[in-house]
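Basis for what follows: all heavy atoms, side chains included, without hydrogens, waters or symmetry-related copies. Below, chain A is the first sequence line, B the second, and so on; all start at residue 1.
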There are 4 protein chains.
Amino acid sequence: MTDNARRRSRERLEERERGILDAATKLFATAGFHATSTRKIAAAAGVSEGTVFHYFGSKNELMLGILDRFYNEVLNPRAAEILDTIMDTRGRLRALAMHHVSSLAADNALMMRLLQVYVGVDLEILGQDKQSPLRDLNRSYVGHLDRAVREGVERGDLRNNLETRPLRDLFFGTLEYGLRTHMYRHGTEGLDAYVDALLQPLWEGLSNSDSPATPTELLTERLEKACERLERTSERWEKS
Amino acid sequence: MTDNARRRSRERLEERERGILDAATKLFATAGFHATSTRKIAAAAGVSEGTVFHYFGSKNELMLGILDRFYNEVLNPRAAEILDTIMDTRGRLRALAMHHVSSLAADNALMMRLLQVYVGVDLEILGQDKQSPLRDLNRSYVGHLDRAVREGVERGDLRNNLETRPLRDLFFGTLEYGLRTHMYRHGTEGLDAYVDALLQPLWEGLSNSDSPATPTELLTERLEKACERLERTSERWEKS
Amino acid sequence: MTDNARRRSRERLEERERGILDAATKLFATAGFHATSTRKIAAAAGVSEGTVFHYFGSKNELMLGILDRFYNEVLNPRAAEILDTIMDTRGRLRALAMHHVSSLAADNALMMRLLQVYVGVDLEILGQDKQSPLRDLNRSYVGHLDRAVREGVERGDLRNNLETRPLRDLFFGTLEYGLRTHMYRHGTEGLDAYVDALLQPLWEGLSNSDSPATPTELLTERLEKACERLERTSERWEKS
Amino acid sequence: MTDNARRRSRERLEERERGILDAATKLFATAGFHATSTRKIAAAAGVSEGTVFHYFGSKNELMLGILDRFYNEVLNPRAAEILDTIMDTRGRLRALAMHHVSSLAADNALMMRLLQVYVGVDLEILGQDKQSPLRDLNRSYVGHLDRAVREGVERGDLRNNLETRPLRDLFFGTLEYGLRTHMYRHGTEGLDAYVDALLQPLWEGLSNSDSPATPTELLTERLEKACERLERTSERWEKS
DNA sequence: GATGAATGAGCCTTCATTCAT
DNA sequence: GATGAATGAAGGCTCATTCAT
């Protein structure tokens with residue numbers, strides 16, 4: 001077998017694997033995990049049922065494969081990129097949020113259900129004590145938020161009494177719940193604006209009002225000083 | 001049939017219905033909806049399989065029955081009571097949060113999964129016409145939060161730029177996500193304290209900063225007074 | 001439900017169970033356990049596949065059901081009867097052998113394979129350490145041979161140095177192996193005569209040669225009589 | 001290709017074939033024919049699945065290959081050797097029995113199951129035309145016993161009324177059944193002694209009691225003669 | 001009203017076998 | 001010759017639901 005042939009062969013394999021993952025993702029997202037039979041997945045991917053099991057030993061592993069790809073190819077890379085290119089804490093959180101929501105909303109607009117349902121239910125039961133590969137993936141992804149927060153606190157952008165865990169829940173809980181309710185009503189229409197509406201009060205709760213960084217703060221400072229001068233002036237005047 | 005007999009008969013029916021609901025709730029909560037067969041439910045309830053279908057028509061309706069009871073007998077009554085007895089906005093939110101979380105956590109500590117999974121997945125598909133009775137139940141329950149917020153704004157406890165919908169997501173999204181992650185790690189242990197940890201930053205983001213607690217507020221006050229004096233002075237000068 | 005109806009109902013159930021067992025027995029015997037699908041069994045029994053599993057939780061238990069019935073309704077009762085009505089040891093062994101062989105040979109002439117294969121293979125693996133119900137059945141059945149031998153020894157019909165276990169192997173091993181080879185060649189034709197041909201040398205090896213049937217026995221008789229005469233003669237002489 | 005290269009190539013092929021046979025034998029013996037997939041065999045042999053089929057065409061033929069090798073390399077050669085080196089009939093039977101039993105018991109101590117199951121079940125069905133190569137192998141192997149018996153009869157060691165076929169069943173049936181029951185209880189422990197315990201009564205049933213070999217016989221003869229003399233004497237006396 | 005036997009479609013998975021490389 | 005990806009039929013089994021009793 002020539003190198004060329006081998007490469008082509010490998011490409012075909014990967015293409016097939018991708019095809020199965022795509023089909024399964026779409027079907028799981030559309031109809032749910034339990035309502036999607038392996039037969040349907042095979043048919044949708046244009047392969048035989050046996051092939052599905054050839055690539056992913058079981059329906060469960062197929063699901064894990066989907067999530068794995070999702071984390072490794074979508075969630076994590078962009079999250080890392082965001083932290084590398086944006087330094088402003090507020091901007092970082094906003095970008096992370098947008099990324100998270102839009103990623104979940106892609107893929108038939110319901111990829112998110114996957115996580116909710118599958119992770120929430122089946123894995124939590126089946127892999128209760130063992131450290132499933134999913135936990136690692138999730139941990140690394142969540143780490144990006146943790147880092148943004150940590151650095152935000154260091155810079156004085158965020159309050160310094162924020163605990164990591166509640167913060168994650170605040171952030172992801174709000175976003176995913178909000179994504180669900182919004183999409184239930186309007187689909188992806190106006191999703192970005194809605195995320196901003198969610199982030200606004202969140203930011204208020206997290207940001208450090210002592211920080212001079214924001215325009216309001218700077219303005220306040222100037223006002224403060226101006227005020228002091230005014231007060232002194234007016235006092236002098238009154239006395240005179 | 002005497003009235004007595006009729007009453008006793010009705011009571012027996014209701015007792016049976018309750019028994020089935022109890023069994024199903026526990027099983028669904030423990031093993032999940034799909035992993036619980038109607039046979040198991042019947043066995044756990046001490047009735048025949050046919051009887052389950054006599055009372056609930058289908059497994060789906062049985063699930064709806066569970067949720068219906070949950071809203072009507074657990075969630076809603078206590079929420080209403082909270083609003084009736086607590087007037088303080090902060091206290092109200094806290095009580096609603098505690099109530100929500102502990103209700104979900106009860107029933108084998110996993111009733112919550114029910115909602116997440118079933119509502120999130122199957123009903124959203126089956127009842128896509130958006131007319132499911134569940135929507136009404138949910139709307140009425142969410143209404144309690146809405147009311148607490150509305151009145152909080154009216155009293156000046158909360159910012160007046162808060163929109164209803166994002167706020168719901170902020171509140172319930174954070175709580176349910178937090179409940180899930182917390183219970184995954186520690187079960188119900190320390191759940192109350194954790195809810196407080198979640199609420200703290202949330203409150204910061206929602207409450208009205210007119211309160212004299214924050215520096216900005218104090219400054220504003222001073223500015224306001226300075227302004228008044230300046231205005232008075234300038235008026236005097238103009239007159240002179 | 002009247003008593004009559006209940007009885008009729010029970011009868012129908014038992015008839016169905018019997019029907020499934022019959023169909024499965026015939027198919028297993030004809031094609032072997034692994035080559036017979038539960039679908040085929042259901043079809044042959046005229047019921048749905050689900051019904052088969054309704055009665056016998058699994059294919060394995062169905063097999064156990066067959067064997068159980070075989071032991072309880074065929075093998076054991078007649079074996080007990082044989083020991084109750086025949087006292088002669090040789091006759092007992094012959095009757096037990098005939099009964100064993102013809103029972104195995106009935107039921108599509110291959111019921112025996114069932115035991116060989118299924119017991120020999122699957123149960124020995126699956127139920128290796130647990131005392132399967134099958135072991136009890138088999139023990140009770142084998143007990144009949146044990147009793148015939150024990151009593152045969154007590155009466156002096158059999159050698160008194162016979163151990164139980166090797167004897168069982170000698171008896172059942174020979175019969176089943178012989179049954180198999182004979183049926184492979186001639187079917188059930190001349191089976192009885194063949195069993196006799198098997199028993200003949202077996203009996204030689206087991207029976208007590210003191211018995212008057214054998215030359216030694218005859219000799220002994222003669223010796224005894226001769227002795228008596230000698231004794232009488234010698235007595236006479238002593239008196240004279 | 002040089003002769004050397006060709007030879008080496010052939011050796012490699014044979015080594016491969018042997019490897020597959022070894023792996024399959026062990027797996028079949030351990031887990032049974034049906035529970036062993038060709039995939040497992042290939043993996044255990046360190047070759048690809050396709051290769052297995054290259055060498056053996058089908059799983060069935062692979063099994064035949066195992067049995068063929070077993071007869072040709074294990075059973076037959078040693079049986080022939082036994083008859084060539086041992087002349088004493090009793091010793092021959094004992095050696096053949098030991099050889100048979102220990103051969104079956106080798107190979108993970110369960111090779112025997114192979115025969116029982118596979119031969120008993122599937123081949124009898126698949127090769128119903130009675131032309132399977134297995135029959136020839138088996139016939140030639142059984143021939144060794146036949147020869148030992150024939151010559152035993154000629155020498156007067158065995159009764160002369162023994163038929164060939166029942167005798168085979170007596171011999172192999174007892175041994176295999178006994179092997180199975182013994183191994184079920186004690187594994188290979190004490191197997192030799194048990195075979196002796198099986199052979200003892202068997203021998204009694206087969207050996208020629210006319211043979212002057214045993215003490216009892218000798219004594220009986222003397223007694224017989226003594227008896228005759230006594231009888232004659234006593235008769236004479238009575239007449240006188 | 002209550003029962004539970006009966007259903008049969010459908011599920012996930014396995015497997016011997018084929019064939020292009 | 002050797003590979004192993006691909007196949008698809010078949011397997012045992014489950015389950016919500018129906019209906020005669």
Side-chain angles (χ1 to χ4, degrees), chain A residues 1-2 4-6 8-10 12-13 16-17 34-43 46-62, chain B residues 9 12-13 16 34-43 46-62, chain C residues 1-2 4-6 8-10 12-13 16-17 34-43 46-62, chain D residues 9 12-13 16 34-43 46-62:
Chain A
M1 197 191 269
T2 69
N4 241 339
R6 191 169 289 127
R8 248 181 294 123
S9 160
R10 182 145 41 84
R12 194 126 32 91
L13 293 197
R16 228 154 229 243
E17 183 169 327
H34 287 101
T36 301
S37 69
T38 53
R39 245 195 269 292
K40 278 187 209 151
I41 294 169
V47 299
S48 78
E49 212 173 338
T51 302
V52 173
F53 286 86
H54 191 60
Y55 280 85
F56 308 88
S58 72
K59 203 187 175 188
N60 261 303
E61 282 177 67
L62 172 54
Chain B
S9 161
R12 194 130 28 91
L13 292 196
R16 229 159 224 234
H34 289 100
T36 303
S37 66
T38 52
R39 193 190 292 271
K40 276 186 211 150
I41 294 168
V47 301
S48 76
E49 289 182 69
T51 303
V52 173
F53 285 85
H54 253 311
Y55 279 84
F56 295 95
S58 76
K59 200 186 175 188
N60 264 307
E61 284 176 67
L62 172 55
Chain C
M1 195 191 270
T2 69
N4 241 340
R6 190 170 288 127
R8 248 181 294 122
S9 161
R10 181 144 43 84
R12 195 129 29 93
L13 293 196
R16 230 158 228 244
E17 183 169 328
H34 288 101
T36 302
S37 69
T38 53
R39 251 193 264 291
K40 277 186 209 151
I41 295 169
V47 300
S48 78
E49 209 174 341
T51 301
V52 172
F53 286 88
H54 191 62
Y55 280 84
F56 308 88
S58 71
K59 202 187 175 188
N60 262 302
E61 282 176 68
L62 172 54
Chain D
S9 160
R12 196 132 25 94
L13 292 196
R16 229 155 225 236
H34 289 100
T36 302
S37 66
T38 53
R39 193 191 293 271
K40 276 186 211 151
I41 295 169
V47 299
S48 76
E49 291 183 67
T51 302
V52 173
F53 286 85
H54 253 313
Y55 280 85
F56 295 95
S58 77
K59 201 185 175 189
N60 263 307
E61 284 176 66
L62 172 55

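Residue D:Leu62 holds its CG atom at 13.0 Å from OH of D:Tyr55, rounded to the nearest 0.5 Å. Atom CZ of residue A:Phe56 and atom CD1 of residue A:Ile41 lie 10.0 Å apart, to the nearest 0.5 angstrom. In this structure, NE2 on C:His34 lies 6.5 Å from NZ on C:Lys59, to the nearest 0.5 angstrom. Atom NE2 of A:His54 is separated from atom CG of A:Leu13 by 8.0 Å, given to the nearest 0.5 angstrom.
E:dT14 atom P lies 17 Å from atom CD1 of D:Ile41, rounded to whole Å. For the pair B:Leu62 CG and F:dC15 P, the interatomic distance rounds to 15 Å; values are reported in whole Å. Going from atom CZ of D:Phe56 over to atom C1' of E:dT18 covers 19 Å, rounded to whole Å. Whole-Å rounding puts the D:His54 NE2 to E:dA16 C1' distance at 15 Å. In this structure, A:Arg16 places its CZ atom 12 Å from P of E:dT21, rounding to the nearest Å. Atom CZ of A:Arg12 is separated from atom P of E:dA20 by 12 Å (rounded to the nearest Å). For the pair C:Glu49 CD and E:dC11 P, the interatomic distance rounds to 15 Å; values are reported in whole Å. Remark: P of E:dC11 and NZ of A:Lys59 are 8 Å apart, rounded to the nearest angstrom.
Side-chain nitrogen and oxygen atoms of B:Thr51 include none within less than 4.0 Å of the OP1 or OP2 phosphate oxygen of E:dA2. Between C:Ser48 and E:dG8 there is no side-chain polar atom (N or O) within less than 4.0 angstrom of OP1 or OP2. D:Thr38 has a side-chain polar atom (N or O) that falls below the 4.0 Å cut-off from OP1 or OP2 of E:dA16.
Checking D:Lys40 against B:Val47, the closest nucleotide of DNA chain E that is more toward the 5' end is the one next to B:Val47. Remark on DNA chain F: of its neighbouring residues C:Thr36 and B:Gly57, the 5'-side contact belongs to C:Thr36, judged by nearest-heavy-atom nucleotide. Taking the nucleotide of DNA chain E with the nearest heavy atom to each of D:Ser37 and C:Gly46, the more 5' of the two is matched to C:Gly46.
Taking each heavy atom of D:Ala35 and D:Lys40 in turn, the nearest pair found is O-NZ, 3.2 Å.
Residue A:Arg39 is in base contact, counting any heavy-atom pair closer than 4.0 Å across all strands shown. Among the heavy atoms of the strands lying under 4.0 Å from B:Tyr55 are primed sugar atoms or P, OP1, OP2 only; no base atom is included.
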Subject >> Strand DNA chain E in bracket notation, Watson-Crick/G-U under 3.5 Å with | for pairs to another chain >> reply: .||||||||||||||||||||
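Listed nucleotides: E:dT14, F:dG1, F:dT14. Nearest to the side chain of C:Phe53: F:dT14.
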